[in-house]
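Shown next, in structure tokens, is the structure this report addresses.
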Amino acid sequence: MSQYNFKSIEQKWQAQWIKDDLYRVEEDESKPKFYSLDMFPYPSGAGLHVGHPLGYIASDIVSRYKRLNGHNVLHPMGYDAFGLPAEQYAIQTGQHPAITTEANVKRFREQLDRIGFSYDWTREVKTCEPKYYHWTQWIFSRLFEHYYNKDEHKAKSIQSLIDVFEREGNNAIHAHTSQEELFTADQWISFDERNKSDVLNRYRLAFVDETTVNWCEEMGTVLANEEVVNGLSERGGYPVIRKQMRQWSLRITAYADRLLEGLNTLDWTDSIKEIQRNWIGKSEGAEIEFKSTDGNLNFSVFTTRPDTVFGATFMVLAPEYEGLENLCSAEQKEEAVHYANAARNRSEIERMASTEKTGVYTGRSVINPFTNKEIPVWVSDYVLGGYGTGAIMAVPAHDDRDFEFARAFDLSIIPVVKPLQGELPEKLEEAFSAKEGIAINSAELNGMHVKEAVEKAIALIELKGIGSKKINYKLRDAGFGRQRYWGEPIPIIYNENGIPTLESNLPLELPKVESYKPAGTGQSPLAAVSDWVNTSKGTRETDTMPGWAGSSWYFLRYMDSNNSEGIASPEKLNYWNQVDLYLGGSEHATGHLLYSRFWTKFLHDIGIISWDEPFKKLVNQGMIGGEDGQKMSKRWGNVVNPDDICDAYGADTLRLYEMFLGPLTDSKPWNTQGIEGVSRFLAKFWRLFHQGEAFNIDEAAASKEELKILHKTIKKVSHDIENMSFNTSVSAFMVATNELGNLKCTKREILEPLLILLAPFAPHITEELWILCSKDSSVHTADWPMHEEHYLVESSFNYPISINGKTRTNMEFPLDADRADMEKEILANETVQKWMEGKSPKKVIIVPGRIVNVVI
RNA sequence: GCCCAGGUGGCGGAAUUGGUAGACGCGCAAGACUUAAAAUCUUGUUUCCAUUGGAAGUACGAGUUCGAUUCUCGUCCUGGGCACCA
């Protein structure tokens, strides 16, 4: 066989590796472990295009490299199999989503198999299988049974909370809770079942709540914040409105601070960390109470600028403000309530479209506790109900939004901060919202810089007993119920008193239904299955879990994917531990990546795992665009199918080319023409091992030059893989092959190590050549070669000689040449003389092994 | 508007701590082999001026330095994220 016949080679070795179970991995204490993970795909009907395997190829190269370096590598793959497309297809066709999903999985598997990945498929997971979602439901159940203790900074059992309530009520307990009323032990004991359940619900990490949700009428379901883009549903682009609904939620806000702190320990890109930081949105400030003269009204507001309190000339309440209708004056009540109702029901789109400030006066006033002046209370939709206290003190002189509002309704504007340099204009044309400045018109704060004034203001607020320092987060609790069929049933039964209790018999399987259409009433299709809903213990919850439930812990399941006793055995969890390298797209920054961190921290708290961050290192691969520069999609007709590339060029060429295209993390366009380059390279590489028709390598000793080529390649490729710089390793292979080809090198001493180096990138061709080298075991079980520096060191260097920083000539000197001798010789050089034009040099800079610069 | 990342040939891109800008590949041009094509090989290919040889050049403008794609400041542009979060 003289021609490189990739087709037969690739088929042969893929079959052989399956037969040999080559990629099967077991726990092995004698080797260091390495866990390399790809974000598992949603098996869509469209199949894979060449953009999908980019990250898979990169992580496969790292996995193979680590194996060759003596690591025990866990490199699994699976499917995120619950989701909307299969369900929508079911609604249209009546086809059960499980059937479509299975067909899609089969197709994905065929496509993946052709590319020659080293996955241990015995560990495959599919989130839609009962043996998998058994444990998704189990984790939900544990969340239901725990609350967050702020003193211990961890989740604790609800039973331990009940014990405290029975002993001493809830006064002393420091929990993350929406429970505001205090009760004593006696009161707790006297509560009825309903009352107790309601109180505990306010502590549980999985809880039901009447909340404002993103309701999508078209899809008949609630969406999570990240499933809403610009007021439209991410899938389908349907309008989304805000609606009050009873909803299961997870108390992720309890973990806000730990989620923020944990980021500092992770090897992730700054941009992803920054996105999560902004999403969590921590801000420090103060809560201040404002009261009416008669004491009947009492509002708490949150502000990050307590130093501007002297400039608070009015107050604004959110339309959602609780008890709004009862606090308005008789004359204003109708108008204000009408406004608030209208504002509450506006869709996100309408809300965002309006830039004009609107609002209504409540007819009431409160006293600014610092100026002692009466200030009016307004209601406006620019204040958000879900953030802070839902009420603000408005400081129009120093906040753009308050300024606009004051302008619109002719409210007074009093400046209380001036710039560090200069003065404020006589009449403000815009708010002075800089975070630096000097306090004015603010009594004892006058003359202080903002930072100092903030501290002082908080001290005064605390002294007056009207508030305290406070930290707020933008992060909201995560809605966890979907009115959908194709998801994990929430394992909750409401007993005869309507009290939620856990289903004890897991997995709670998804029943068959007649129709997959949501009822549109806010209930899932499961509500129609009466013999499933009605049990001897009560009625079942009919909502299912959101798409991110199953993906929040799948990386743990791979460790022990068939375990029926728990999510995985403690030994295996402990052995494989954190994911060492996680590869996937950056689009999951605020969804999957945040929820996985949350669940990991929770599982850590309840003692299931010993670490509390799931992914040590995260790398986001870029997108591969179409050849026309647009996004690769059916819509533009620019989709390139990896199967076609495998047919025409082979899997090894596809793998090399995807890596050669550019840096892994960059987005770049696909170019089928460019693939010829790596295709030629592999053919050339093949020819290195052949003489005409015959395979040909010999045992002669390698020359110094050949050894240098080999060792510089070992050094470069090892370094590049460690740094995820795969495009430059491919070019290093090309350089080595060109150079060895020019030398007509046929030596085993050189070519065999080269095969091992290339094996992670091009596993098939290297295996074939390896076996032709008369080896009796796979190249993928060989030992990675070590580079020896002494082959690389030179005795002399061809110095670029520059005059005033511009290179003019080159001169060869031994590396240990004497500086003075060098200088003498350089200055005597003809070209140097010419450029010096008879002047004498001011300075001669000699950097050994680098450069010479003559300054004149 | 705010926050992050990035701007290098016709194209994808390269340049370990500041040290010969354009590696490697695509494309293009010319040539060898061939009846021809494919395959393969050789040579050239940043721009401008030119006879040897020069000049400019890493988005733009400044600065630090013997020396800047690399460091600092400002401006412009592109991509991504957030978006009335007080």
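More than 12 non-hydrogen atoms from other residues, nucleotides or ligands lie less than 6.0 angstrom from NZ of K273(A).
Across U20(B), C4(B), U42(B), the shortest atom-to-atom separation from the side chain of S271(A) is found for C4(B). Closest to the side chain of K668(A), from the set C82(B), G12(B), C84(B), is G12(B). Of the candidate nucleotides A86(B), C26(B), A5(B), A86(B) has the atom lying nearest to any side-chain atom of Y387(A). Set against C41(B), U16(B), G13(B), the side chain of R687(A) has C41(B) as its closest nucleotide.
K684(A) comes within 4.0 angstrom of the backbone, heavy atoms only, and of no base. Contact annotation for K357(A): base contact, defined as any heavy-atom pair under 4.0 Å involving a base atom. Using a 4.0 Å heavy-atom distance criterion, L661(A) is classed as a sugar-phosphate-only contact. Across all strands, I275(A) comes closer than 4.0 Å only to sugar-phosphate atoms, never to a base (heavy-atom distances).
Near RNA chain B, defined here as any heavy-atom distance below 4.0 Å, the residues from residues 725-738 of chain A are N727(A), T728(A), S731(A), M734(A), V735(A), N738(A), listed numerically.
For E830(A), there are no salt bridge (charged side-chain N to carboxylate O under 4.0 Å, His left out) partners, not counting sequence neighbours.
Between K843(A) and C66(B) there is a side-chain polar atom (N or O) within less than 4.0 angstrom of OP1 or OP2. Look at K834(A) and you'll find a side-chain N or O under 4.0 angstrom from OP1 or OP2 of G54(B). Under 4.0 angstrom from either OP1 or OP2 of A86(B) there lies at least one side-chain N or O belonging to S283(A). Between C24(B) and R680(A), no contact under 4.0 Å exists linking OP1 or OP2 to a side-chain N or O.
Screening R597(A), R277(A), Q276(A) for a side-chain contact (heavy atoms from CB on, under 4.5 Å) involving L259(A) leaves a single residue, R597(A). If you run salt bridge (Lys or Arg N to Asp or Glu O under 4.0 Å) between E739(A) and each of K712(A), K744(A), K684(A), only K712(A) comes through.
No side-chain heavy atom of V383(A) sits less than 4.5 Å from a side-chain heavy atom of Y321(A).
Between the side chains of Y387(A) and S283(A), at least one donor N or O lies within less than 3.5 Å of an accepting N or O.
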